[in-house]
Amino acid sequence: MSSSQIVRNPFAAFCRKALADIQAQGRYRRFTPLARRADAYPTYEYTHAPRAEPGPDVTVWSANDYLGMGVEPEVQEAAIAAIRAHGAGAGGTRNIAGTSPLHAALEAELAALHGKEAGLLFVSGYVSNQASLQTILTSMPGWICFSDRQNHASMIAGIKGARGATCVIYEHNDLADLEAKLAAAPVDAPKMIAFESVYSMDGDIADIAATCALARRYGALTYLDEVHAVGLYGAEGGGVSQRDGVADQVDIIEGTLAKGFGVHGGYVTASSEIVDYLRSAASGFIFTTALPPAVVAAALESVRLVRRQPWRRERLFERVATFRAKLDAAGVPFMDTPSHIVPIPVGNAERCMRISRRLLDEYRLYATPINYPTVPRGTERLRLTPGPFHTDAMMDDMVSALRTLLREESLDEQSGATSRA
Ligand code: PMP
């Protein structure tokens, strides 16, 4: 090859083709620029890119800051005070000067919340799942991980990333299938059952007690993702395992500080030995800069408030019940889940995107469209998460907009129309 020859790397062409395919399948992701107003949650400023000036306010119905803790004045103040005291960043990994007394206090608080001996912070809930599962499942040869079919991408990344481990997928929340699969596995292989409590897309809830009973019978470790439950369920917001009185039966409880607690970060709680092992062996813990002190201080304040203020949970579930009653009265179909998540079935990707777009443009309401591959084709939906801050008037606006749009869009569908400007 002469020195003047240029060899083209194929990746740019690959990207072009892959993006065209994604677009053709209606799966191209467009982000909606919405700036949360801390003084008026759940109101956001809607900033149309590329226009620079702020647009009119929008009521958001799909946020995962379920209790609005991220805008609580005490939580904000804790962050501001920590920045003033300790600066903006952590300054290093947990080993390299990144551990402050705030980190240790938050880990102790989370361990106490779940009734476990110890807790360990990660930079996000995603990383806590990915790093913990991968580390545990590569620790000894022969691990078999029994994974619920609907487990989150971060759990799948950890399980699939564990070289040498076997992943056995059991049907979603199907304990008969799980038991059959456990029974078929070699008796002496190290086993784990990895599952979630509240599944965020269908809003259904696992039977933790029965899963743990199976785990005991077959000698399996239990790993429970309570990301969509912490702060919301249980006397102190310790999740569904706390509500059901079975937290002590779960070996590892994983959670996020970004949803019910409204801030950022992830964690696991477990026995001191398990936590110490993860602290010593999990690459995703060891080799990344620690969470900033401001984030940790805000999360600590939030967890403390949420633990001792059950009225926040009561208010949330009262609002969810009121919203469901209003949908019901207006004849708007919804999936009647046992959780705080209210999915509105739409059943078609294009229609789902269109309704979400029209809610925003015509009604200044924001509800996320959930399409394939997040949910199976034909089960596309809008995912609504009513919270303590959604007023009756806001609910009436949403219910009436949904009633109009669902009717119009299904008529359009019948007449063969497929797109609306
Ligand atoms: N687990 C589940 C079930 C989730 O839905 C998510 C995020 N939506 C995560 C873990 C990751 O949590 P985080 O956003 O804190 O990274």
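Just so you know, these numbers come straight off a predicted model, no measurement behind them. Just follow the structure's listing: the first ligand is 1, and inside any ligand the first atom is 1.
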Step by step, would you call R383 with D202 a salt bridge (Lys or Arg N to Asp or Glu O under 4.0 Å)? CA-CA 9 Å; R383 178 179 178 273; D202 287 344; over 6 Å; no
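Of the charged side-chain nitrogens involved, at least one lies within less than 4.0 Å of a carboxylate oxygen, so that E318 and R315 count as a salt-bridged pair. With respect to K17 and D21, a salt bridge is recorded, a charged nitrogen being found less than 4.0 Å from a carboxylate O. The existence of a salt bridge linking E72 and R312 is confirmed by a sub-4.0 Å separation between a basic side-chain nitrogen and an acidic carboxylate oxygen. For the pair R304 and E109, the salt-bridge criterion is met [side-chain N within less than 4.0 Å of a carboxylate O]. Remark: R279 does not engage E107 in a salt bridge, criterion side-chain N to carboxylate O under 4.0 Å.
For ligand 1, the polar-atom distance check finds an N/O of G125 within less than 3.5 Å of one of the ligand's N/O atoms. Checked against a 3.5 angstrom limit, the closest N/O atoms of T256 and ligand 1 fall inside it. Note: an N/O pair closer than 3.5 Å links D225 and ligand 1 by distance alone.
Ligand 1 does not have G266 within reach: every non-hydrogen atom of the residue lies 4.0 Å or more from it.
Residue H228 touches ligand 1 through its side chain alone, judged by heavy-atom distances below 4.0 Å. Contacts with ligand 1 closer than 4.0 Å are made by side-chain heavy atoms of N129 only, the backbone lying farther away. Of the heavy atoms in K259, only side-chain atoms (C-beta onward) come closer than 4.0 Å to ligand 1.
Here the two rings, on H340 and Y66, have centers that are under 6.0 Å apart.
Counting heavy atoms only, H152 comes closest to atom 2 (C) of ligand 1 of the residues E254, H152, Q130, H264.
Distances below 4.0 Å separate heavy atoms of S154 from the following atoms of ligand 1: 10 (C).
Protein heavy atom nearest atom 16 (O) of ligand 1, with residue, atom name and distance: Y126 N, 2.8 Å. Looking only at protein heavy atoms, the nearest one to atom 3 (C) of ligand 1 is E196 OE1, 3.3 Å.
Between the side chains of Y170 and E179, no donor N or O sits under 3.5 Å from an acceptor N or O.
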